[in-house]
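Positions are given from 1 along the sequence.
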Amino acid sequence: MKKTRRNWTYFWFTVPGFLLYAFFFITPVVLGIYYSLTDWNGISQKYNLVGLENYKKIFQTSQFIDSLSFTFKYTILLIIFVIVLGISIALLLNRNIKGRSFFRAIYFIPAILSLLTVGLIFNQICYYIIPEIGKSLHINILSQNPLADKTLAMWTILFVNLWQGLAIPTLLFLAGLQSVPMDLYEVATLDGATNWEKFRYITFPFILPVVSVVFVLTLKSGLMVFDYIISMTEGGPGNSTQSIAMLIYKHGFTQNKYAYSIAEAIVIGIIIAAISAGQIYITEKKKAV
């Protein structure tokens with residue numbers, strides 16, 4: 001009797017959370033899937049069911065393919081730099097040096113800033129300051145706004161993203177390093193292991209679960225990059241930095257192709273879920289071995 005009563009108590013405690021989850025997540029997803037099968041413009045009360053036509057159009061337009069290509073390229077570079085730089089900086093901050101707490105605090109400051117604010121600040125830096133520095137130093141590549149160059153624009157956005165977004169991954173790696181037993185390093189030192197061998201056979205296996213988490217978070221961040229682009233280039237020059245999130249925004253809120261933009265969002269959501277699931281499966285398989 002007491003056990004049954006306790007179970008019902010647990011059940012009623014879960015009901016509010018489930019209702020909120022259903023209202024704010026499940027319902028919008030279901031409605032989104034439904035509207036993606038229509039020609040709704042987001043305003044009109046009348047619309048027609050068109051089936052999978054929106055999904056067919058997505059892969060028939062070069063604009064979506066180009067945006068997807070840019071997004072994947074940007075995401076791959078972001079993941080590589082975040083993991084490599086994050087682990088490297090975490091190893092430095094984990095050393096027993098004077099003022100370590102101060103450097104950790106200073107390094108974390110960019111993480112508390114708004115993405116849009118950071119983008120707007122660097123937009124002004126690229127427009128006014130960098131060209132003047134380039135002209136003063138007679139460096140041709142810096143004598144103009146880097147955001148106006150099709151090649152430099154992506155790298156500039158990537159730099160800003162790393163400057164602002166490296167703090168959290170580094171903090172996660174730093175926490176992972178705390179879990180590595182110091183005894184293993186002492187034994188490895190006695191056996192004559194090099195620093196690289198210590199990192200490869202001791203440090204990295206212990207922080208592999210953290211790498212997996214950072215990978216998924218960075219993957220989502222890269223595939224859904226929007227704030228930096230809209231505040232710095234708005235997808236230009238010549239749509240060279242138009243991410244898939246930016247394209248979805250333009251179709252949905254500036255061109256009134258609401259149902260079509262929902263279909264694009266569902267496609268990119270499926271891609272993110274598939275890649276994340278595959279990466280987690282591979283990581284868990286390695287941990288089992």
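Looking at Ser143, its side chain never comes within 3.5 Å of a backbone N or O of Pro131 through a donor-acceptor pair. Panel note: side chain Asp191, backbone Ala193; no donor-acceptor pair is recorded below 3.5 Å. No donor-acceptor pair under 3.5 Å is formed between the side chain of Ser221 and the backbone N or O of Leu217. The backbone N or O of Ile65 sits nowhere less than 3.5 Å from a side-chain atom of Ser69 that would complete a donor-acceptor pair. Distance alone, capped at 3.5 Å, is enough to place a donor-acceptor pair between the Ser36 side chain and the Ile33 backbone. For Thr38 (side chain) and Tyr47 (main-chain N/O), no donor-acceptor pair under 3.5 Å exists by modelled atom type.
The shortest distance between side-chain heavy atoms of Ile248 and Phe226 does not fall below 4.5 Å. Residues Lys257 and Lys57 have side chains not in contact (no heavy-atom distance under 4.5 Å, counting atoms from C-beta outward). With a 4.5 Å cut-off on side-chain heavy atoms, Asp39 and Tyr260 do not count as touching. Using a 4.5 Å cut-off on side-chain heavy atoms (C-beta onward), Leu137 and Leu142 make no contact. The shortest side-chain heavy-atom distance between Leu52 and Leu37 falls under the 4.5 Å cut-off. Within the 4.5 Å cutoff, the side chain of Ile83 has no heavy atoms near those of the Thr218 side chain. Contact check for Asp149 versus Gln144: side-chain heavy atoms found under the 4.5 Å cut-off. The closest side-chain heavy-atom distance from Asn239 to Lys250 is below 4.5 Å.
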Phe215 and Val82: side-chain contact (heavy atoms from CB on, under 4.5 Å), yes or no, with the steps? CA-CA 9 Å; Phe215 178 91; Val82 164; over 6 Å; no
Going through the checks in order, is the side chain to side chain donor-acceptor pair (under 3.5 Å) test met by Glu264 and Asn54? CA-CA 8 Å; Glu264 291 176 320; Asn54 289 324; over 6 Å; no
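Shown here is Gln255, whose CD atom has more than 12 heavy atoms of other residues, nucleotides or ligands within 6.0 Å. The 12-atom threshold is exceeded at CG of Leu49, counting heavy atoms of other residues, nucleotides or ligands nearer than 6.0 Å. Other residues, nucleotides and ligands contribute more than 12 heavy atoms inside 6.0 Å of the OH atom of Tyr185. Atom CZ of Phe18 sits in a sparse spot, with 12 or fewer heavy atoms from other residues, nucleotides or ligands closer than 6.0 Å.
Expressed to the nearest 0.5 Å, how far CG of Leu177 lies from OG1 of Thr170 amounts to 10.5 Å. In this structure, the separation between CG on Leu115 and CD1 on Ile229 is 12.0 Å, given to the nearest 0.5 Å. With rounding to the nearest 0.5 angstrom, the CD1 atom of Ile244 is 10.0 Å from the CD1 atom of Ile272. Here the CE-CG distance, from Met232 to Leu116, works out to 11.5 Å after rounding to the nearest 0.5 Å. Rounded to the nearest 0.5 angstrom, Leu219 CG and Leu223 CG are separated by 4.5 Å. Atom OG1 of Thr71 sits about 11.0 Å away from atom CD1 of Ile76, to the nearest 0.5 Å.
Heavy atoms only, all atoms of each residue included: Ser88 and Val84 are closest at OG-O, 2.8 Å. When all heavy atoms of Leu247 and Phe64 are compared, the pair lying nearest together is CD2-CA, 3.7 Å. Taking all atoms of both residues into account, the shortest heavy-atom contact from Trp163 to Pro110 is O-CB, 3.6 Å. When all heavy atoms of Tyr228 and Val225 are compared, the closest pair comes out as CD1-CG2, 4.2 Å. The two residues Ala259 and Tyr35 come nearest to each other via the heavy atoms CB-O, 3.1 Å. Closest heavy-atom contact between Ile202 and Pro205: O-CD, 3.4 Å.
Taken together through direct or relayed side-chain contacts under 4.5 Å among Ile, Leu, Val, Met, Phe, Trp and Tyr, Phe206 and Val210 form parts of separate hydrophobic clusters. Note on Ile270 and Val30: same hydrophobic cluster, where clusters join Ile, Leu, Val, Met, Phe, Trp and Tyr whose side-chain heavy atoms are under 4.5 Å apart, directly or indirectly.
Using a 4.0 Å cut-off between a side-chain N of Lys or Arg and a carboxylate O of Asp or Glu, Arg200 and Glu197 do not qualify as a salt bridge.
In this structure, Tyr258 and Trp40 have perpendicular ring planes: the angle between them is above 60°, well past the 30° mark. The aromatic rings of Phe199 and Phe204 lie tilted to each other, with the angle between the two planes from 30° to 60°.
Checking Thr189 against Lys198 by side-chain atom types alone, a donor-acceptor pair falls below 3.5 Å.
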Would you mind writing out the side-chain donor-acceptor pairs for residues 121-130 within the sub-3.5 Å range, not counting sequence neighbours?
none

